[in-house]
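Okay, so here's the structure we're looking at.
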Amino acid sequence: MAKGFASRGMGGMGGGINMNMIKQAQKMQQDMQKMQAELESKEYTAQAGGGMVSATVTGKRELKDLTIDPEAVDPEDVEMLQDMVIAAVNEALRMVTADAASAMGQLTGGLNLPF
């Protein structure tokens with residue numbers, strides 16, 4: 001090792017800057033873990049067909065509840081019921097994604113980080 005190399009730090013940057021960056025990264029990681037736990041504990045409910053079908057998903061993107069109004073059940077038009085179920089579930093999942101993106105944006109200050 002060249003004499004005096006260790007005293008310059010990495011690439012000539014001072015050690016204080018590197019430690020500060022490490023501390024900031026650790027805090028961001030802790031904040032992200034806390035945010036993820038909060039998001040996973042939430043529930044998101046969406047409706048379709050004027051409220052005839054309601055779907056609730058968790059922040060973990062798992063379907064937790066599905067409610068179908070008996071009036072929506074028409075044996076002659078099962079496809080419409082299927083479409084309403086799909087629409088309600090997809091909308092609830094979009095709500096989870098939008099909430100997570102919003103929380104991540106607040107945490108990262110709008111930086112477009114690949115998480």
Side-chain angles (χ1 to χ4, degrees):
M1 183 182 286
K3 209 173 201 183
F5 178 76
S7 66
R8 288 185 289 173
M10 296 195 55
M13 292 189 296
I17 293 173
N18 289 336
M19 287 305 294
N20 189 34
M21 289 174 65
I22 290 171
K23 287 179 184 178
Q24 287 177 348
Q26 288 172 337
K27 175 156 180 14
M28 183 178 278
Q29 183 179 19
Q30 291 170 349
D31 291 346
M32 287 176 67
Q33 288 171 340
K34 180 181 175 187
M35 178 199 64
Q36 183 176 8
E38 288 173 4
L39 289 171
E40 287 178 353
S41 70
K42 288 184 176 182
E43 293 182 0
Y44 303 82
T45 301
Q47 298 178 343
M52 300 283 271
V53 174
S54 176
T56 301
V57 298
T58 67
K60 292 181 180 183
R61 293 174 171 84
E62 296 173 346
L63 182 62
K64 180 177 181 181
D65 187 45
L66 180 66
T67 304
I68 301 173
D69 186 318
E71 291 182 26
V73 181
D74 179 359
E76 300 296 320
D77 196 1
V78 175
E79 289 177 359
M80 182 178 71
L81 178 58
Q82 292 168 334
D83 289 344
M84 286 190 291
V85 169
I86 291 168
V89 171
N90 284 337
E91 180 58 27
L93 290 172
R94 278 190 285 276
M95 293 167 72
V96 173
T97 302
D99 197 22
S102 174
M104 184 61 71
Q106 291 175 3
L107 182 65
T108 62
L111 296 175
N112 191 14
L113 299 175
F115 294 111

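Computed from a predicted model, the values in this text were never measured in an experiment.
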CD (Q33) with more than 12 external heavy atoms under 6.0 Å: yes
Side chains of V96 and T58: closer than 4.5 Å at any heavy-atom pair? no
Interatomic spacing from CD in Q82 to CG in D77 - rounded to 0.5 Å: 9.5 Å
Looking only at heavy atoms, what is the nearest atom pair of D65 and L63, with distance? O-CD1, 3.6 Å
On a heavy-atom basis, the closest approach of S54 and T45 is OG-CG2, 3.3 Å
Side chains of E40 and Q36: do they bring a donor and an acceptor to under 3.5 Å? yes
For A100 and L39, which heavy atoms make the closest approach, and how far apart are they? CA-CD1, 3.6 Å
Closest heavy-atom contact between A55 and A92? O-CB, 3.9 Å
Derivation and outcome, side-chain contact (heavy atoms from CB on, under 4.5 Å), residues L81 and V53: CA-CA 8 Å; L81 178 58; V53 174; 4.0 Å; yes
M95-I86 co-clustered via ILVMFWY side chain contacts under 4.5 Å: no
Please lay out, stage by stage, how T97 and R61 fare under the test side-chain contact (heavy atoms from CB on, under 4.5 Å). CA-CA 9 Å; T97 302; R61 293 174 171 84; 3.5 Å; yes
Here the pair of heavy atoms bringing M52 nearest to E71 is CE-C, 3.5 Å
To the nearest 0.5 Å, how far apart are CD in Q106 and CG in D31? 12.0 Å
Do Q29 and M32 have side chains that approach each other closer than 4.5 Å (heavy atoms only, starting at C-beta)? no
Identify the two heavy atoms, one from M35 and one from A103, that lie closest to each other, and give their separation to 0.1 Å. SD-CB, 3.3 Å
